[in-house]
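Please read the structure below before turning to the comments.
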Amino acid sequence: MADRTKNIVRAVRDYGKGLFNFIRGRVRTEADAEDILQDVWFQLSNIADTDEIEQLRGWLFKVARNKIIDKSRKKREEFIDDLVYEDDDIDFNFADILLLADNDPESVYIKEIFWQELFAALDELPKNQKEVFIWNELEDKTLQQVADETGEKLKTIISRKGYAVKYLRSRLGTLYNEFLDY
């Protein structure tokens, strides 16, 4: 066990920086690169006998490449910031209403109406879509946390969230037009 731990520590020391740079050059964000690198180290730590890997450097880069491909195949998470209403003249984000900083009576009223309509629209969703949306957007749980807590596959959770966001875009678009006319 001590040799295995030494081999992993040595691999992190010898290949960590280069591996991170390799991954970072192929993903959108530094956070994605860190996540993938963590997955690579986790996969290495699950190998019973690291001495059996003939070319450790090559193995690490191959695992990283596979993880990058896996990540690119996954659907992108949709967030409330993605609830954008697009018109020929304007581009509007629903989060702009939800997060208005103004406390004047008109802004308070608009926020109140919007929150009411948001929750009414959420009540129209199937229960599992509604729950995923609320947990992810309002309770700040990651989709992975939701999957872990519910025992569902991550792809299922991502799909449910996607359906919820699409429905809310459609359902709240009318409300947005009313705000524009106000």
Side-chain angles (χ1 to χ4, degrees), residues 19-20 22-47 60-100 110-180:
L19 194 57
F20 177 78
F22 170 79
I23 296 166
R24 181 61 186 105
R26 287 160 178 76
V27 296
R28 292 182 184 195
T29 66
E30 192 166 319
D32 287 344
E34 290 170 356
D35 289 345
I36 291 171
L37 184 60
Q38 186 72 22
D39 289 343
V40 172
W41 296 135
F42 180 74
Q43 191 163 335
L44 178 63
S45 72
N46 284 326
I47 294 180
L60 290 168
F61 279 81
K62 184 175 182 177
V63 170
R65 190 175 305 110
N66 290 339
K67 298 285 182 189
I68 293 166
I69 291 168
D70 289 347
K71 183 155 188 72
S72 70
R73 287 182 181 160
K74 288 183 181 176
K75 276 187 163 180
R76 187 176 72 80
E77 293 181 7
E78 296 189 62
F79 296 100
I80 202 161
D81 292 340
D82 296 333
L83 290 174
V84 175
Y85 181 83
E86 295 178 4
D87 195 342
D88 293 338
D89 301 325
I90 49 171
D91 186 20
F92 175 77
N93 187 325
F94 286 110
D96 293 343
I97 291 176
L98 295 174
L99 305 174
L100 280 174
I110 288 173
K111 283 191 284 190
E112 184 177 309
I113 290 175
F114 194 83
W115 278 106
Q116 288 172 357
E117 287 298 315
L118 175 63
F119 282 107
L122 286 170
D123 285 339
E124 296 167 4
L125 289 170
K127 181 182 178 190
N128 54 14
Q129 292 176 18
K130 175 184 175 180
E131 289 175 341
V132 168
F133 184 88
I134 289 172
W135 290 331
N136 182 243
E137 290 296 339
L138 304 179
E139 296 179 10
D140 289 329
K141 292 183 180 181
T142 66
L143 293 177
Q144 183 63 58
Q145 288 173 320
V146 172
D148 292 344
E149 290 174 12
T150 61
E152 299 277 352
K153 292 181 181 178
L154 178 60
K155 287 184 179 184
T156 301
I157 299 301
I158 291 170
S159 179
R160 288 178 183 163
K161 173 75 182 298
Y163 287 127
V165 169
K166 286 175 186 164
Y167 178 77
L168 293 172
R169 280 183 188 147
S170 170
R171 170 72 164 66
L172 298 175
T174 304
L175 179 64
Y176 168 70
N177 285 332
E178 290 175 9
F179 285 146
L180 280 182

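In this model, no donor atom of one side chain and acceptor atom of the other lie less than 3.5 Å apart for D39 and Q43. For Y167 and E124, the side-chain atoms include at least one donor-acceptor pair closer than 3.5 Å.
The line from NZ of K62 to NZ of K67 is 13.5 Å long, rounded to the nearest 0.5 Å. If you take CG on D32 and CD on E30, they are separated by 10.5 Å, rounding to the nearest 0.5 Å. Taken to the nearest 0.5 Å, the CZ atom of F133 stands 5.5 Å off from the CG atom of L118. Note that the OG atom of S159 and the CG atom of L143 stand 11.0 Å from one another [nearest 0.5 Å]. With values rounded to the nearest 0.5 angstrom, I158 atom CD1 is found 12.5 Å from E152 atom CD. To the nearest 0.5 Å, the span separating CD1 on I157 from NZ on K141 amounts to 11.0 Å.
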* Asked: So F119 and L138, side chain to side chain contact (heavy atoms under 4.5 Å, CB included) or not? Walk me through it.
  -> CA-CA 11 Å; F119 282 107; L138 304 179; 3.9 Å; yes
* Given N128 and Y163, is the side chain to side chain contact (heavy atoms under 4.5 Å, CB included) satisfied, shown in steps? -> CA-CA 11 Å; N128 54 14; Y163 287 127; over 6 Å; no
* **Verdict with reasoning, K161 to E137, per side chain to side chain contact (heavy atoms under 4.5 Å, CB included)** => CA-CA 10 Å; K161 173 75 182 298; E137 290 296 339; 2.9 Å; yes
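Using a 4.5 Å cut-off on side-chain heavy atoms (C-beta onward), I68 and F22 make contact. At a threshold of 4.5 Å between non-hydrogen side-chain atoms, the residues F61 and V40 do not count as touching.
Residue L168 comes nearest to A121 through the heavy atom pair CD2-CB, 3.5 Å, listed as atom of the first residue, atom of the second, then distance.
Between the side chain of Q145 and the backbone N or O of T142 there is at least one donor-acceptor pair closer than 3.5 Å.
Every residue two or more places apart in sequence or in another chain that forms a side chain to side chain contact (heavy atoms under 4.5 Å, CB included) with A33 is listed here: F20, I23, R24, V27.
When each of K130, R171, E131, E117 is tested with L122 by the rule side chain to side chain contact (heavy atoms under 4.5 Å, CB included), just one qualifies, namely K130.
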